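This one's a predicted model, so the numbers in the text were calculated from it and none came from an experiment. What you see below is based on every heavy atom in this structure, not just the backbone, and it leaves out hydrogens, waters and symmetry mates. Counting begins at 1 with the first residue of the sequence.
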Amino acid sequence: MTRDEDSSAVRVHGMLTAYLQTQVLISALQFGIFEQLEGRSLDVHDLSSRIGVPERPTRALLIALSGLGLLSEDGLGYRNTPEASRYLVRRNPEFMGDFAEHQSVHFANSVELPAVIRSNSSITKRVLKEGYSDQGSGAGEGASGRERLIGAMRVSARLQADPLAKRLDLLSGSTLVDLGCGSGDYSIAIARRHPEVRVIAVDYPSISEIASRNVAVAGLEDRIEFQPGDIMKDLLPECDAVLLSHVLDGYGRDRVRHLVSKIFNELRGNGRLFVHSHMPDVSEGLFPNLFGVILLINTEEGEVYEAVDLMEIIRGAGFSDLRTQRVSFLSGLVSAVRPSLERQSDLSF
C-alpha cells in the first residue's frame with residue numbers, strides 16, 4: 001500500500017468510526033467527568049469513586065478522551081485540557097453541553113437514516129410542510145423538547161451571532177425584524193453591535209417566551225421588542241430590514257419562495273433582506289454539508305440551500321443588489337435590496 005493509499009484508508013476508517021467520538025464525549029458529559037477534573041488531577045481510582053462508575057469503564061473513557069485531546073496526564077492522573085475547560089465545564093460561559101444533549105437525540109434518530117432516505121419521511125416531524133408542528137417541539141416532545149432545541153440553538157449561535165452582526169449593513173435609526181428569532185441570540189448580538197437600530201423579534205409564542213428570557217438576562221429588554229406570531233401567515237412588522245437566520249432550510253422550495261415573496265411584498269422600498277444559513281458553497285466547515293441529513297430526519301421538506309440557490313429565489317421575488325459573504329465556518333450570508341417603486345419602474349424598461 002502506498003503512502004497516499006494508506007492516507008485514504010485512514011481517512012475512510014476515521015469516517016466509519018467517528019460515531020465513537022460523539023458517544024464518548026456525550027457519555028463523559030453525562031457522568032460529569034469534566035466537572036470532576038476541572039482544576040485538579042485525578043487517577044482512575046479516585047475518579048471512579050467520584051462518578052460512581054467501575055474502574056474498567058472509567059479507564060476506557062479516560063483513555064478515549066486523552067486520545068481526543070480533551071484530557072492530559074500530568075504524573076498524578078488526568079486533568080482537563082484548556083479546550084475541555086473552555087467548552088465542556090458547565091460553569092464556563094462557552095459551555096457546549098446543551099448542544100451535546102441535542103446531538104444525542106440526533107444520534108439516536110440517525111440509526112433510522114436508511115429508512116428515512118428510502119421513504120423520504122421525517123421521524124420527528126418537527127417541521128411539517130406548512131411550518132413547525134408544535135412551536136419547535138418534535139412529535140411527543142412537548143415543552144422539554146422545545147427547551148432542549150433552544151438550548152442547542154444558543155450554543156450554535158455563540159459561534160455565529162457576533163460575526164453576523166458585524167456584517168449587517170444597517171442604517172442608524174432603522175428597524176430590523178429578526179423573523180424566526182429562535183433563541184434570540186442573533187437579536188441580542190445585533191442590538192449590541194448596532195445600538196442605533198431598533199430590533200423586533202418574531203417567532204411562535206412559546207419560542208418568543210424563551211427568547212425573551214434570554215434577552216432579559218442580556219439586559220436588552222428596552223432594545224428588543226417581541227411580536228409573537230406565525231412568520232408564514234402574519235403581516236411583517238413595519239421595518240427597514242429583515243433577517244432570516246437559519247429559517248429557510250427548514251422548508252421546501254415552494255414555502256421558501258412563498259416567504260421570500262411575502263417579505264418582498266410587505267417590506268418598505270429600499271428595505272434590505274439578509275438571509276443567514278448553512279451554505280456549503282460559502283462556509284468552510286464540514287457541518288453545512290452534513291446538515292441536510294438532520295433536516296431529512298426532522299423536517300418534511302427541509303433542505304440545505306447553497307448561496308446560489310438562495311440568490312435565484314431572492315432575485316426571482318424581485319430583490320436586487322444581491323451579495324454573498326462568509327460569516328463563519330458554519331454559515332454564509334446573502335444580502336439583497338428591495339427596489340423602491342421608482343427603481344422598479346426603471347428596471348422595467
Side-chain angles (χ1 to χ4, degrees), residues 11-23 25-26 98-153 155-156 180 182 203-204 206-207 230-233 244-261 275 277-281 283 285-310 312-313 316 330-332:
R11 195 170 97 84
V12 174
H13 182 273
M15 293 178 191
L16 291 171
T17 57
Y19 72 97
L20 292 171
Q21 300 179 41
T22 302
Q23 287 294 67
L25 184 49
I26 289 172
D98 293 332
F99 188 72
E101 182 181 357
H102 194 60
Q103 294 306 308
S104 180
V105 175
H106 286 325
F107 189 92
N109 289 332
S110 69
V111 175
E112 302 298 325
L113 182 59
V116 169
I117 293 171
R118 188 175 296 109
S119 63
N120 190 26
S121 61
S122 166
I123 293 175
T124 67
K125 303 194 184 305
R126 188 180 301 280
V127 186
L128 305 177
K129 294 179 181 179
E130 302 300 315
Y132 278 81
S133 60
D134 186 17
Q135 299 191 33
S137 299
E141 287 183 341
S144 62
R146 190 178 303 120
E147 291 278 359
R148 189 189 67 246
L149 174 66
I150 296 302
M153 281 184 177
V155 174
S156 181
D203 214 314
Y204 292 114
S206 294
I207 298 292
D230 187 326
I231 67 172
M232 289 288 184
K233 298 177 181 178
L244 292 170
S245 183
H246 296 296
V247 172
L248 297 183
D249 46 20
Y251 301 96
R253 291 175 186 256
D254 287 344
R255 295 300 285 172
V256 168
R257 291 189 182 95
H258 164 78
L259 181 57
V260 173
S261 294
V275 178
S277 67
H278 300 303
M279 301 177 192
D281 55 341
S283 56
L286 178 60
F287 183 77
N289 294 81
L290 300 175
F291 186 62
V293 174
I294 293 177
L295 294 173
L296 285 175
I297 292 170
N298 289 280
T299 74
E300 286 193 333
E301 293 189 335
E303 292 190 49
V304 171
Y305 295 102
E306 295 194 325
V308 65
D309 300 315
L310 293 170
E312 179 183 353
I313 293 170
L330 286 172
S331 59

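- For the pair V304 and D249, the minimum side-chain heavy-atom distance is 4.5 Å or more.
- At a threshold of 4.5 Å between non-hydrogen side-chain atoms, the residues V308 and D281 count as touching.
- Contact of the H13 side chain with the L16 side chain is not registered, since no non-hydrogen atoms from C-beta on lie closer than 4.5 Å.
- N120 places no side-chain N or O within donor-acceptor distance of the main-chain N or O of I117, the cut-off being under 3.5 Å.
- In this structure, the separation between CZ on R118 and CG on L113 is 10.0 Å, given to the nearest 0.5 Å.
- With sequence neighbours left out, H246 forms a side-chain hydrogen bond (donor to acceptor under 3.5 Å, both in side chains) with Q160.
- The shortest side-chain heavy-atom distance between K129 and R255 does not fall under the 4.5 Å cut-off.
- One finds the CG atom of D98 at 12.0 Å from the CD atom of Q103 (value rounded to the nearest 0.5 Å).
- In terms of heavy atoms, V256 sits closest to L248 at CG2-O, 3.4 Å.
- Residues Q23 and I26 meet the side-chain proximity criterion, which asks for heavy atoms closer than 4.5 Å.
- Residues forming a ring-ring contact (aromatic ring centres under 6.0 Å, His included) with F287 (at least two apart in sequence, or on another chain): H278, F291.
- Residues satisfying the side-chain contact (heavy atoms from CB on, under 4.5 Å) test with S206, not counting sequence neighbours, are Q135, R146.
- Minimum heavy-atom separation, L244 to L259: CD2-CD2, 4.1 Å.
- Ion pair E303/R253 flagged as a salt bridge, since at least one NZ, NE, NH1 or NH2 atom sits closer than 4.0 Å to an Asp/Glu carboxylate oxygen.
- With H106 as the partner, the side-chain contact (heavy atoms from CB on, under 4.5 Å) test is satisfied by one option alone out of T124, I294, T22, I297: I294.
- Partners of S122 under the side-chain hydrogen bond (donor to acceptor under 3.5 Å, both in side chains) rule, at least two apart in sequence or in another chain, do not exist in this structure.
- For the ring-ring contact (aromatic ring centres under 6.0 Å, His included) test, no residue two or more places apart in sequence or in another chain qualifies with H258.
- Rounded to the nearest 0.5 angstrom, E301 CD and L296 CG are separated by 12.0 Å.
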Please report the C-alpha distance between V105 and R148 in whole Å, then the side-chain angles of each, then the deciding distance to 0.1 Å, and finally whether the side chain to side chain contact (heavy atoms under 4.5 Å, CB included) criterion is met.
CA-CA 10 Å; V105 175; R148 189 189 67 246; 3.6 Å; yes
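- By the 4.5 Å heavy-atom criterion applied to side chains, D203 and I231 are not counted as neighbours.
- For the pair S104 (side chain) and A100 (backbone), a donor-acceptor distance under 3.5 Å is absent.
- In this structure, the separation between CG on D309 and OG on S277 is 10.0 Å, given to the nearest 0.5 Å.
- In this structure, OG1 in T299 is found 11.5 Å from CD1 in I123, a value given to the nearest 0.5 Å.
- The two residues G252 and Y305 come nearest to each other via the heavy atoms C-OH, 3.2 Å.
- Residues I207 and I150 are in side-chain contact: their nearest non-hydrogen atoms beyond the backbone lie under 4.5 Å apart.
- Considering only residues two or more places apart in sequence or on other chains, S283 meets the side-chain contact (heavy atoms from CB on, under 4.5 Å) condition with P288.
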